[in-house]
Amino acid sequence: MNSRPGPPVRLLRLRPQGVLLILCGAALLRIALFSELYLRYVKEGLRPYLVVSGTALIALGLLGLLTRRTHDHDEKDDHHDEEEDQAKNEGEGEGENEGEGEESGGHDHARNPRIAWLLTAPALALLLFPPPALGSYSAEREEARVAAQGAGTFPKLPAGDPLDLTLGAFASRAEWDTGASLTGRTVRLTGFVTHDDDGTWSVARLLVTCCAADAQALKVEIRGADAPVADSWTTVTGTWHPTGKPGTDSARPVLDAVAVKRTTAPSDPYEKR
């Protein structure tokens with residue numbers, strides 16, 4: 001039997017589907033396994049699921065490349081066997097066989113259109129440039145109350161001044177605490193800066209339950225100090241400024257600043273419920 005040397009075999013044939021899965025998996029591992037960037041988007045407890053998902057995507061992408069390469073090679077072998085069978089039957093359907101040979105030898109129907117490679121661009125951008133955490137833009141458009149749904153007396157605050165409080169704790173007491181537990185206390189708040197349309201400014205944090213998609217804004221207006229640059233992280237020390245009766249719309253979280261200091265953004269920029 002005569003044998004003809006076949007075309008050189010490549011270990012892998014790159015396909016956009018497999019490359020897309022690999023890039024998405026690599027992006028997940030970059031933010032969840034090799035850094036703490038995942039805290040910009042989800043809570044800390046979801047890290048293992050991100051790592052498993054990234055690993056699975058890479059494995060599926062590699063499996064798809066290997067499987068497709070084996071499938072393509074088998075198709076070429078089957079086509080080669082068909083040509084040998086046709087050569088033995090001389091004179092039977094020469095015109096038909098000639099047309100099929102030209103069609104199959106002219107081009108590869110399994111090849112993906114080149115435009116499909118554009119699908120990998122967003123995944124590559126996600127791998128190289130992870131999106132930042134939500135900032136002042138989101139806070140200005142998603143300002144929501146997160147305090148208790150009614151006024152009442154809050155527990156006494158711990159001793160010591162200045163007292164570090166979360167924005168949620170300060171806002172809850174400023175809006176709903178009929179016992180005025182913030183009176184006479186110096187507190188310290190940390191958040192990113194937002195500018196309001198009326199010229200005032202606030203420090204803000206975003207409260208998440210699961211991930212950045214369900215974020216709600218916590219804002220405390222700052223008075224008595226010049227506004228830093230928007231989105232810059234700032235620690236403000238000051239005293240509570242009462243604005244109205246607790247439990248009414250006039251009661252808002254406001255702080256009279258005595259010191260404003262720039263600080264670095266925390267690895268986890270969100271407040272938790």
Side-chain angles (χ1 to χ4, degrees), residues 30-32 34-47 129-147 157-175 181-243 252-273:
R30 182 197 171 188
I31 65 172
F34 303 111
S35 71
E36 294 186 344
L37 293 176
Y38 74 98
L39 292 173
R40 296 178 178 179
Y41 322 115
V42 298
K43 298 179 70 173
E44 185 176 4
L46 297 178
R47 184 177 197 175
F129 310 104
L134 299 179
S136 61
Y137 180 87
S138 300
E140 291 168 3
R141 287 153 181 78
E142 188 58 30
E143 185 174 7
R145 293 187 182 273
V146 293
L157 288 170
D161 282 333
L163 176 65
D164 287 307
L165 287 179
T166 65
L167 268 64
F170 181 86
S172 297
R173 292 174 181 270
E175 296 181 40
S181 58
L182 291 171
T183 302
R185 299 300 303 271
T186 301
V187 299
R188 188 161 48 205
L189 309 177
T190 298
F192 57 85
V193 174
T194 67
H195 295 168
D196 297 322
D197 295 336
D198 58 3
T200 61
W201 68 281
S202 306
V203 289
R205 296 287 286 267
L206 290 164
L207 182 77
V208 298
T209 301
C210 171
C211 59
D214 61 24
Q216 294 178 308
L218 298 168
K219 295 173 64 175
V220 176
E221 181 183 337
I222 306 300
R223 297 183 181 179
D226 294 333
V229 178
D231 284 315
S232 60
W233 281 83
T234 304
T235 297
V236 182
T237 304
T239 56
W240 172 49
H241 183 105
T243 58
R252 296 182 294 108
V254 179
L255 189 74
D256 289 326
V258 296
V260 176
K261 182 181 179 181
R262 290 284 299 272
T263 187
T264 57
S267 59
D268 185 358
Y270 302 113
E271 286 194 7
K272 305 298 188 298
R273 287 191 183 277

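Residue numbers count from 1 along this sequence. Note that the coordinates shown come from a computational prediction; the quantities given were computed from them, not determined experimentally.
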Donor-acceptor under 3.5 Å ([X] side chain, [Y] main chain):
| X | Y | result |
| --- | --- | --- |
| His195 | Pro228 | yes |
| Glu271 | Gly168 | yes |
| Asp196 | Asp198 | no |
| Arg185 | Asp161 | no |

Rounded to the nearest 0.5 Å, how far does [atom2] of [Y] lie from [atom1] of [X]?
| X | Y | atom1 | atom2 | value |
| --- | --- | --- | --- | --- |
| Glu221 | Thr194 | CD | OG1 | 9.5 Å |
| Ile222 | His241 | CD1 | NE2 | 12.0 Å |
| Leu218 | Ser202 | CG | OG | 11.5 Å |
| Lys261 | Trp233 | NZ | CH2 | 16.0 Å |

ask   = Trp201 and Ala225: which non-hydrogen atoms are nearest, and at how many Å?
value =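 Heavy atoms of Trp201 and Ala225 come nearest at NE1-O, 2.9 Å.
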inquiry  = Looking at every heavy atom in both Gly191 and Arg205, which two are closest together, and how far apart are they?
reply    =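 Looks like CA-CD, 3.7 Å.
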task = Give me the one residue out of Thr235, Val236, Thr234 that meets side-chain contact (heavy atoms from CB on, under 4.5 Å) with Thr190.
result =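 Of Thr235, Val236, Thr234, side-chain contact (heavy atoms from CB on, under 4.5 Å) with Thr190 is met by Thr235 alone.
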Answer whether the closest heavy-atom distance between the side chains of [X] and [Y] falls below 4.5 Å.
| X | Y | value |
| --- | --- | --- |
| Val187 | Trp240 | no |
| Leu255 | Val203 | no |
| Leu206 | Phe192 | yes |
| Val254 | Arg223 | yes |
| Leu167 | Lys219 | no |
| Thr237 | Thr186 | yes |

message = If you apply the rule side-chain hydrogen bond (donor to acceptor under 3.5 Å, both in side chains), what do you find for Ser181 with Arg173, and how did you get there?
response = CA-CA 7 Å; Ser181 58; Arg173 292 174 181 270; 2.7 Å; yes
Evaluation steps, side chain to side chain contact (heavy atoms under 4.5 Å, CB included), between Leu157 and Leu165 = CA-CA 10 Å; Leu157 288 170; Leu165 287 179; 4.2 Å; yes
message = Please determine whether a side-chain nitrogen of the Lys or Arg among Asp164 and Arg188 lies less than 4.0 Å from a carboxylate oxygen of the Asp or Glu.
response =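 Answer for the salt bridge query: yes.
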